[in-house]
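Worksheet: one structure, shown below.
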Amino acid sequence: MSYLADLDLSRVPSHVAIVMDGNGRWATQRGLPRTEGHAAGEEALFDTVDGALEAGVKWLTVFAFSTENWQRPAAEVSFLMRFNRGLLRRHRQELHEKGTRVRIAGRRDWRVPGLVLRDMDETVEMTKHNTRMTLTIAFNYGGRVEIADAVKRILEDHDAGRLKGERITPESISSRLYFPDMPDPDLLIRTGGEMRISNFLLWQAAYAELWFTPVYWPDFNREHLFEAIRDYQKRDRRFGRIEDR
Ligand code: IPE
Ligand code: IPE
Ligand code: MG
């Protein structure tokens, strides 16, 4: 039984972003190695994807690996590389059939194994014409690096004479982020109890509504997503204005 019924389907956030956190603690609590927690997060992710599709969310962005996560023990990092590759291979056909376009946001640097990049590229290519929802997987992603990369591109455009009198405005940055066509997140969810951004979508989350839950990511499912959306629907998004009356 799903609680989708009490959502106002005319006011579903267009873009939901999620920091999938708490995998390690979920596992430790059960006397399991941390990696088991990551593995258990797979079911949570695809139940959440199905929930987002059901609710009519158009953009879903999930934080899978941060630019800071390289500082974890080598064994955990290599597990996460293998795991995320496997996850794409196991689910891409199903995502494709459900009309989901998959994109990867992050740095393609030498630390990401070639096989991981290959499967990412294949998944992106396979699903690129789908229009029902865009699932962006933030992988080797950091908000600061993304902004620094955008600034670098402004300088390159300047040096190559491509700025053509363009004034430097927030739009100059926005249009040079990884996916300029991606709308800003309306709702940003973080599981696992920490109330911080941890370098996720720094630029884009300027006016996102934040929703935190102590639930560890492997225990998260579409009902929690609907709960977050229901809460979002009660918020008054002012964007710095006051009511105009
Ligand atoms: C989130 O869970 C997954 C990644 C960061 C890759 P964690 O691994 O951070 O789990 P906790 O926060 O240590 O419980
Ligand atoms: C954020 O979680 C990154 C991902 C979920 C991929 P972390 O567990 O890395 O964040 P901190 O270290 O608690 O801030
Ligand atoms: Mg964590």
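In listed order, ligands and their atoms are each counted from 1. Computed over heavy atoms, backbone and side chain alike; hydrogens, waters and symmetry mates excluded.
- In terms of modelled atom types and a separation under 3.5 Å, the side chain of N69 and the main chain of F65 share no donor-acceptor contact.
- With respect to atom 12 (O) of ligand 2, the closest heavy atom belonging to the protein is R196 NH2, 4.5 Å.
- Polar contact with ligand 1: present for G24 (N/O pair, distance under 3.5 Å).
- At distances below 3.5 Å, not a single donor-acceptor pair connects side-chain atoms of N221 with backbone N or O atoms of D47.
- Around atom 13 (O) of ligand 1, the closest heavy atom drawn from R25, R34, R72 belongs to R34.
- Judged by distance alone, the side chains of S174 and W203 do bring a donor and an acceptor atom under 3.5 Å apart.
- D186 and Y207 are not linked by any side-chain donor-acceptor pair at a separation below 3.5 angstrom, with hydrogens and angles left out of the test.
- Under the salt bridge (charged side-chain N to carboxylate O under 4.0 Å, His left out) test applied with E122, the options K128, R92, R89 reduce to a single match, R92.
- Side-chain contact annotation: Q204 with H15, donor-acceptor N/O pair under 3.5 Å absent.
- Of the listed residues (F139, F63, Y141), the one carrying the non-hydrogen atom nearest atom 3 (C) of ligand 2 is F63.
- Between the side chains of H158 and E166, no donor-acceptor pair is found at a separation under 3.5 Å.
- Closest protein heavy atom to atom 9 (O) of ligand 2: N69 ND2, 2.9 Å.
- Between N130 and H96, the side chains place a donor N or O and an acceptor N or O closer than 3.5 Å (distance only, hydrogens not considered).
- Proximity of M20 to ligand 1, defined as any heavy-atom pair under 4.0 Å, is confined to the backbone N, CA, C and O atoms.
- The atoms of ligand 2 that sit less than 4.0 Å from any heavy atom of F65 are 6 (C).
- Under a 4.0 Å criterion applied to the non-hydrogen atoms of D21, ligand 1 contributes the atoms 1 (C), 2 (O), 7 (P), 9 (O), 10 (O), 11 (P), 12 (O).
- If you check the side chains of S172 and R167, you find no donor sitting under 3.5 Å from an acceptor.
- Proximity to A64 (heavy-atom distance under 4.0 Å) selects the following atoms of ligand 1: 6 (C).
- Shown in contact with V19 at under 4.0 Å from a heavy atom are these atoms of ligand 2, numbered in order with element: 1 (C), 5 (C).
- By the 4.0 Å heavy-atom criterion, R190 is counted among the residues contacting ligand 2.
- Residue contacts with ligand 1 include G22, since one or more of its heavy atoms lies under 4.0 Å from the ligand.
- Judged purely by atom type and a 3.5 angstrom limit, T67 has no side-chain atom pairing as donor or acceptor with the backbone of V145.
- The N/O atoms of E194, backbone and side chain alike, include none that comes under 3.5 Å of an N/O atom in ligand 2.
- For atom 11 (P) of ligand 2, the closest non-hydrogen atom of the protein is S198 OG, 3.6 Å.
- Contact annotation: D21 places an N, O or S atom under 2.8 Å from the Mg ion (ligand 3).
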